[in-house]
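The structure under discussion appears below in the form of structure tokens.
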Amino acid sequence: MTSDPLAAAPRRKIAVCPGSYDPVTNGHLDIITRAARIFDEVVVGVVNQGVRKSQAVFSAEERREFLTAAVAHLDNVRIEIFSTLLVDFVHAQGAGAIVKGLRAISDFEYEFEMNQLNRRLADDIESFYIMASPEYSFLSSTGVKELATFGGDIGDLVPPGIGEALAERIAR
Ligand code: PNS
């Protein structure tokens with residue numbers, strides 16, 4: 001009996017949206033939401049401890065909890081913490097794609113370098129870049145933390161509850 005390749009179950013397209021998410025912002029949510037419309041499944045990969053950044057304000061577990069609440073309405077998105085090379089995490093999730101957001105030329109330079117490095121390590125993984133929506137093109141976790149440190153209102157920049165959690169953490 002010859003097998004009909006068209007009859008085979010189509011492979012689910014899984015993408016990883018990696019990041020520090022310290023904390024998740026509405027800009028991250030915009031990218032995750034748009035990726036979830038394109039891929040069958042999106043795994044949000046929370047870096048346990050990034051290599052290029054100072055100590056995170058929130059633990060990886062806290063960051064995961066914030067994200068879990070923020071994406072609760074998206075049934076094809078799940079959150080995982082990882083402490084390995086990104087490409088190893090992508091393979092472990094059975095994913096074939098990395099999705100990242102791009103806000104500005106400065107993001108492009110960093111992402112271009114990461115892209116080349118990741119591609120050297122695993123050329124079976126393709127990276128996709130979603131342009132930030134204009135209303136979030138200025139938004140970063142670093143900026144949000146700086147505003148919060150000096151008492152700025154960040155309520156409309158982050159999902160519910162995070163502004164309060166950040167203010168409380170900074171006050172300690
Ligand atoms: O800007 P972020 O949120 O700190 O980005 C984190 C991440 C993992 C997306 C970025 O550091 C990256 O693309 N790293 C690829 C290289 C790698 O595997 N590093 C080990 C995990 S930090």
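First listed ligand is number 1; within each ligand, the first listed atom is number 1. All values below were derived from every heavy atom in this structure, side-chain atoms included, with hydrogens, water molecules and symmetry-related copies excluded.
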Quiz item: For S141, what residues pass the side chain to side chain donor-acceptor pair (under 3.5 Å) criterion, not counting sequence neighbours?
Solution: none
Quiz item: With only distance considered, is Y110 within less than 3.5 Å of ligand 1 through an N or O on each side?
Solution: yes
Exercise. Return a yes/no value for K100: is any of its N or O atoms, backbone included, closer than 3.5 angstrom to an N or O of ligand 1?
Key: yes
Quiz item: Distance from I32 atom CD1 to I79 atom CD1, nearest 0.5 Å?
Solution: 6.0 Å
Practice problem: Identify, by atom number and element, the atoms of ligand 1 in contact range of S20, meaning under 4.0 Å from any of its heavy atoms. | Solution: 2 (P), 3 (O), 4 (O)
Quiz item: Taking atom CD1 of I14 and atom CG of N76, what is their separation to the nearest 0.5 Å?
Solution: 10.5 Å
Quiz prompt | For F39, ring pair (Phe, Tyr, Trp, His ring centres under 6.0 Å) partners two or more places apart | solution = F128
Quiz item: With a cut-off of 4.0 Å, which atoms of ligand 1 are near a heavy atom of L86?
Solution: 13 (O), 17 (C), 18 (O)
Quiz item: Got an N/O contact under 3.5 Å between F82 and ligand 1?
Solution: no
Quiz item: What atoms of ligand 1 come within less than 4.0 Å of a heavy atom belonging to M114?
Solution: 12 (C), 13 (O), 14 (N), 15 (C), 16 (C)
Practice problem: Check V47 against ligand 1 and report side chain, backbone, both or neither, counting heavy atoms closer than 4.0 Å. | Solution: side chain
Quiz item: What closest approach, in Å, do E61 and I81 show between heavy atoms, and which atom pair accounts for it?
Solution: OE1-CD1, 3.8 Å
Practice problem: Starting from the C-alpha separation in whole Å, work towards a yes-or-no answer on side-chain contact (heavy atoms from CB on, under 4.5 Å) for S133 and R34. | Solution: CA-CA 10 Å; S133 297; R34 290 159 67 193; 3.3 Å; yes
Quiz item: If you take all heavy atoms of F58 and D22, which pair is closest and at what distance?
Solution: N-OD1, 2.9 Å
Quiz item: For ligand 1, which atoms sit closer than 4.0 Å to a heavy atom of L85?
Solution: 18 (O)
Quiz prompt | N118: numbered ligand 1 atoms lying under 4.0 Å from its heavy atoms | solution = 15 (C), 16 (C)
Exercise. Answer yes if the side chains of Y129 and D107 hold a donor-acceptor pair under 3.5 Å, and no otherwise.
Key: no
Quiz item: Considering only heavy atoms of P18, which atoms of ligand 1 have at least one such atom less than 4.0 Å away?
Solution: 9 (C)
Quiz item: Does any N or O atom in T84 lie less than 3.5 angstrom from one in ligand 1, N or O only?
Solution: no
